[in-house]
Amino acid sequence: MTSQKVRAQFLDFFKSKEHQIVPSAPMVMKEDPTLMFTNAGMNQFKEYFLGNTPPKYRRVADSQKCLRVSGKHNDLEEVGKDTYHHTMFEMLGNWSFGDYFKKEAIEWAWELLTQTYGIDKDSLYVSVFEGSDDADNLKMDQEAYELWKAIVPQERIIMGNKKDNFWEMGDQGPCGPCSEIHVDIRPAEEKKKISGASLVNKDHPQVVEIWNLVFMQYNRKANGQLEDLPNKHIDTGMGFERLCMVLQGVTSNYDTDVFTPLIREIEKLTGVAYGKSDETDIAIRVIADHVRAVSFAIADGQLPSNTGAGYVIRRILRRAIRYGFTFLDAKKPFVHSLVRVLSKTMGGAYPELDKQHQLMESVIKEEEHSFLSTLEQGLVLLDGVISNTTGKTVGGEKAFELYDTFGFPIDLTALILEEKGFLLDVQGFETALKAQKERSRAASETSMEDWKVLQPNTGQEFVGYDQLKVKVNLVKYRKVTSKKEGGRYQLVFDVTPFYPEGGGQVGDKGHLESTGGELVHILDTKKENNEIVHFVKELPKDVEQPFTAVVDEPLRRLTACNHTATHLLHQALRAVLGTHVEQKGSAVNDKYLRFDFSHFSKLTADELHEVETFVNHRIAAQLPFVEHRDIPVKEALAQGAMALFGEKYGDKVRTVRFGESIELCGGTHVRNTADIWHFKIKSESAVAAGIRRIEAITSDAVKALYQKNDQQLSQIRQVLNNTKEPVKMLTALQEENAQLKKQLEGLLKEKAKGLKSELLKEVKKVNGVAFLAKKVDLDAAGIKDLSFEMGQGREDLFLLLASDKGGKALLSCYISKPLVAEKNLNAGTIVRELGKHIQGGGGGQAFFATAGGKNPEGITAALAQVEEYLD
């Protein structure tokens with residue numbers, strides 16, 4: 001049975017059970033501050049479990065793309081080492097929101113597995129929550145036990161503890177007992193030797209969990225106590241890849257048609273056969289798994305970067321590259337070539353892979369080039385560390401510096417050290433890593449109290465498109481405490497004019513007015529699980545009275561100018577560069593706008609001018625704002641509205657139109673393009689391979705820029721004696737300056753030549769080395785020229801020159817190359833250590849390096865100490 005058929009039969013089965021089949025949500029989370037990535041099928045339905053929003057459908061089923069590489073659910077280090085863990089995986093699931101409960105969930109799961117899929121009943125085991133005697137004091141799930149006992153023999157029902165059979169969304173929120181279904185795919189002779197029941201949840205590669213049926217019936221409060229949920233829900237998750245393994249009669253997820261096309265292509269590209277050794281097999285599995293995770297993330301709009309979710313994606317990709325580099329001898333980029341195969345095998349179920357194919361390939365290829373360069377640099381740095389190591393053990397802090405500063409993988413460091421006969425101080429590395437994690441955790445640690453509910457939640461209304469001031473009642477509030485921001489409160493109103501952060505647009509600010517005149521400033525507005533949450537520093541004195549909520553109108557107006565400008569900019573880029581341009585991200589606030597888009601080359605000055613002119617023509621045309629709210633998404637797309645990859649759209653959407661520009665958008669806009677006044681591009685740059693970024697300003701910011709430029713021009717004219725042609729005069733001054741600079745360089749070279757003969761007379765012998773440490777009156781370029789002049793034709797020179805030109809300290813160390821090896825010297829290490837005297841640092845090559853610092857008084861100490869390196 002092909003993987004496509006496995007997925008289709010699951011969805012068809014639950015469709016026959018009156019479930020609404022919904023598409024997978026994006027893998028990258030946008031409106032849940034507790035998660036970076038979708039790590040379970042239920043994530044997109046959290047608002048229903050929490051009771052924030054009434055569900056559109058009482059029964060739902062889908063196949064959800066998930067990523068588990070951070071936080072509580074983190075399988076990254078297991079991937080490749082076994083045959084059934086993954087970073088990115090598909091979760092087949094069915095849900096009931098206050099509709100059916102345990103009986104139907106259990107019976108349908110058994111029917112699908114044994115009748116539709118035809119899995120042998122005798123290979124299946126089920127588990128039931130056994131209860132707990134801890135603070136929760138939960139009873140055994142007797143109801144689930146009785147339901148299973150009517151279906152399977154009692155010996156196939158296993159009692160499971162809280163770790164295995166009690167599912168929780170997080171530290172707070174909906175939770176409940178669960179029943180897992182495990183399958184034993186061992187050969188018959190193995191089954192005779194030992195019962196599969198004894199291998200359940202023992203990490204046996206052929207006795208694995210394939211489906212988890214969660215019975216959500218409790219809510220975990222901030223104080224740890226459990227309370228009954230007003231409605232009971234079903235949340236199930238079945239691992240698609242593991243199910244394919246069972247149905248295709250293989251013993252590894254990687255032997256299914258989900259992965260075999262990728263593995264065959266890796267074999268072809270690297271010349272390494274799969275199935276020949278554990279070492280190379282692990283590497284091939286890692287690469288096959290990771291390219292899926294990275295590709296799906298990029299298709300959903302998350303590019304590799306140095307922070308947040310982007311850093312996680314970069315880490316996954318670099319892990320794949322490093323495994324290829326180390327174990328498959330892949331020294332050139334090749335991972336990007338797998339995107340074509342992935343798109344071919346999974347593009348039918350996930351069309352974003354086909355549509356984003358070129359972008360995924362370009363981004364991955366650029367990241368490969370960058371990281372392979374980092375690996376080469378790391379090898380040079382590691383050689384330096386080894387050459388300066390006394391004994392045969394490299395310190396953990398040095399290894400951590402390579403890992404933390406240069407991104408050099410620690411396991412690769414350990415491997416290279418082992419090959420060269422050295423050991424790694426693993427404990428020292430772990431200590432440094434733990435200290436860094438604790439610093440990071442302490443900085444971001446957040447605690448939340450339970451919501452204090454003041455009135456029933458009947459559904460929050462957003463009126464901010466039409467009103468900026470409205471009467472509101474506080475529905476609930478809670479306190480949130482973090483190391484970064486201290487204590488703040490989150491407020492939820494029955495109605496709100498405040499736009500929450502989303503779609504690139506910043507959240508509104510403003511204030512609350514009480515009937516007694518008290519003002520409470522609203523610092524930010526965000527959306528969490530489909531609720532608009534307002535952030536304040538202090539609670540109102542009387543939380544039960546009605547308030548007037550007032551949005552900061554000037555901030556909203558300027559933000560709206562910038563948001564509308566992004567729509568016009570998107571249209572302009574497609575008109576000037578081509579329809580391949582697609583929005584890949586944006587940031588909109590009251591000060592500026594940032595727009596990321598797909599394009600594969602730097603924009604020329606003429607193209608930027610054309611784009612800017614295009615937008616300003618639309619502003620001058622006074623195009624009116626036209627919107628349609630709550631229209632079916634299919635109808636909006638049929639009208640030509642542009643949708644963005646990686647965004648989750650509901651059944652009903654809002655379209656925004658200015659002239660020919662029409663997009664799906666929930667943000668706030670000006671009523672007429674004339675309100676923007678003017679649009680000015682400030683910069684254009686690269687974000688990643690195939691992604692460009694434009695930063696621009698509008699309205700008051702443009703006026704301020706023009707005023708500043710006018711003032712500066714007046715000042716320039718005054719400096720140039722009020723000339724009428726400042727550009728012409730500045731050009732003449734530049735030419736004159738260039739000539740004088742050239743003359744000065746010639747004079748400095750002559751000075752250096754004269755100085756060379758004088759300094760050579762001062763060179764002395766120290767332990768057989770020609771040595772000189774001297775302060776000279778030259779700049780950095782002059783010192784470098786002088787050092788190489790003095791070292792020319794010599795094999796025994798050790799030179800440290802210093803200067804304090806411009807009030808800053810400079811140290812330059814030159815060592816004849818034969819001495820570097822003979823005396824085990826390294827100029828880079830020496831200047832870094834001596835740089836402490838001048839309160840600075842530096843580096844370079846083993847034979848020549850420089851350091852700069854802010855303490856010229858320390859030069860004397862540095863010159864005095866350097867001779868110690870020759871002892």
Side-chain angles (χ1 to χ4, degrees), residues 29-35 46-47 49-53 169-174 219-225 227 441-464 467-502 505-553 555-556 589:
M29 298 295 290
K30 298 288 178 68
E31 292 181 357
D32 187 343
T34 66
L35 290 172
K46 279 177 71 172
E47 62 195 78
F49 292 125
L50 292 166
N52 296 343
T53 309
M169 184 186 295
D171 294 333
Q172 295 171 241
N219 179 51
R220 174 78 68 184
K221 299 174 71 174
N223 62 7
Q225 292 182 343
E227 61 182 8
R441 189 181 300 113
S444 60
E445 199 169 291
T446 301
S447 62
M448 293 182 179
E449 295 181 359
D450 285 318
W451 286 105
K452 176 69 175 177
V453 179
L454 302 178
Q455 63 182 61
N457 181 5
T458 57
Q460 188 183 49
E461 183 184 4
F462 172 67
V463 297
Q467 302 175 62
L468 297 184
K469 184 176 182 180
V470 68
K471 295 288 186 182
V472 303
N473 292 296
L474 188 55
V475 173
K476 61 181 181 179
Y477 67 88
R478 69 179 174 189
K479 187 174 184 180
V480 178
T481 305
S482 70
K483 291 281 183 74
K484 183 179 179 181
E485 297 175 325
R488 296 206 295 178
Y489 290 88
Q490 296 179 346
L491 314 180
V492 175
F493 306 120
D494 57 347
V495 59
T496 179
F498 284 79
Y499 178 81
E501 178 184 321
Q505 180 175 328
V506 69
D508 279 334
K509 297 180 180 179
H511 65 269
L512 289 179
E513 296 176 3
S514 70
T515 53
E518 178 192 10
L519 290 183
V520 175
H521 292 285
I522 294 180
L523 308 174
D524 199 0
T525 310
K526 295 181 184 291
K527 201 169 190 180
E528 182 177 333
N529 298 315
N530 207 37
E531 274 191 324
I532 297 174
V533 181
H534 310 76
F535 292 77
V536 298
K537 188 68 178 174
E538 298 292 339
L539 277 177
K541 292 176 182 175
D542 182 359
V543 294
E544 297 190 357
Q545 68 169 308
F547 299 94
T548 301
V550 183
V551 175
D552 187 321
E553 190 278 332
L555 290 181
R556 167 72 84 85
N589 57 37

Review point. Hey, does the side chain of Thr525 reach the backbone of Asp508 with a donor-acceptor pair shorter than 3.5 angstrom?
Key: yes
Review point. What is the distance from atom CD of Gln172 to atom CG of Asp450, rounded to the nearest 0.5 Å?
Key: 5.5 Å
Revision key, fill the gap. Only one of Lys526, Arg478, Lys476 passes salt bridge (Lys or Arg N to Asp or Glu O under 4.0 Å) with Glu531, and that residue is Lys476
Exercise for review: Can you label the angle between the Phe493 ring and the His534 ring as parallel, tilted or perpendicular, going by 30° and 60°?
Suggested key: tilted
Exercise for review: Could you tell me which residues satisfy side-chain hydrogen bond (donor to acceptor under 3.5 Å, both in side chains) with Asn589, sequence neighbours excluded, listed by chain and number?
Suggested key: none
**Study point:** Leu491 side, atom CG; Leu512 side, atom CG - distance, nearest 0.5 Å
**Key:** 6.5 Å
Exercise for review: Would you indicate whether the side-chain heavy atoms of Phe547 and Lys471 approach each other to under 4.5 Å?
Suggested key: no
Review point. Can you find a heavy atom in the side chain of Asp524 that is under 4.5 Å from one in the side chain of Lys509?
Key: no
**Study point:** For Val463, the option from Val472, Thr496, Val495 that meets side-chain contact (heavy atoms from CB on, under 4.5 Å)
**Key:** Val495
Point to revise | Value rounded to 0.5 Å, distance of CD1 in Ile522 from CZ in Phe498 | key: 3.5 Å
Practice item. For residues Lys479 and Thr481, report the shortest heavy-atom separation together with the two atoms involved. Key: CE-OG1, 4.0 Å
Check your understanding: Is there a donor-acceptor contact under 3.5 Å from the side chain of Gln460 to the main chain of Ile532?
Key -> yes
Review point. Nearest heavy-atom pair of Leu539 and Glu518: which atoms, and what distance?
Key: O-OE2, 4.3 Å
Practice item. Could you please spell out the steps behind the side-chain contact (heavy atoms from CB on, under 4.5 Å) verdict for Leu519 and Glu513? Key: CA-CA 5 Å; Leu519 290 183; Glu513 296 176 3; 3.4 Å; yes
Study note, to complete from the structure: What one should report as the nearest heavy-atom pair of Gln505 and Tyr499 is NE2-CD2, 3.4 Å
Practice item. Mark yes when over 12 heavy atoms from residues, nucleotides or ligands other than Glu227 sit less than 6.0 Å from its CD; otherwise mark no. Key: yes
Practice item. Please confirm whether the backbone N or O of Asn530 pairs with a side-chain atom of Asn52, one donor and one acceptor, at under 3.5 Å? Key: no
Review point. Does the Arg556 side chain pair with the main chain of Gly464, one donor and one acceptor, at a distance under 3.5 Å?
Key: yes
**Study point:** For the student: nearest non-hydrogen atoms of Val470 and Pro497, plus distance
**Key:** CG1-CD, 3.4 Å
**Study point:** Sub-4.5 Å side-chain heavy-atom contact between Thr548 and Lys469
**Key:** yes
Review point. When rounded to the nearest 0.5 angstrom, what distance separates CD in Glu544 from CD in Gln455?
Key: 9.5 Å
Exercise for review: Determine whether Trp451 and Val492 make a side-chain contact, defined as any pair of heavy atoms from C-beta on separated by less than 4.5 Å.
Suggested key: yes
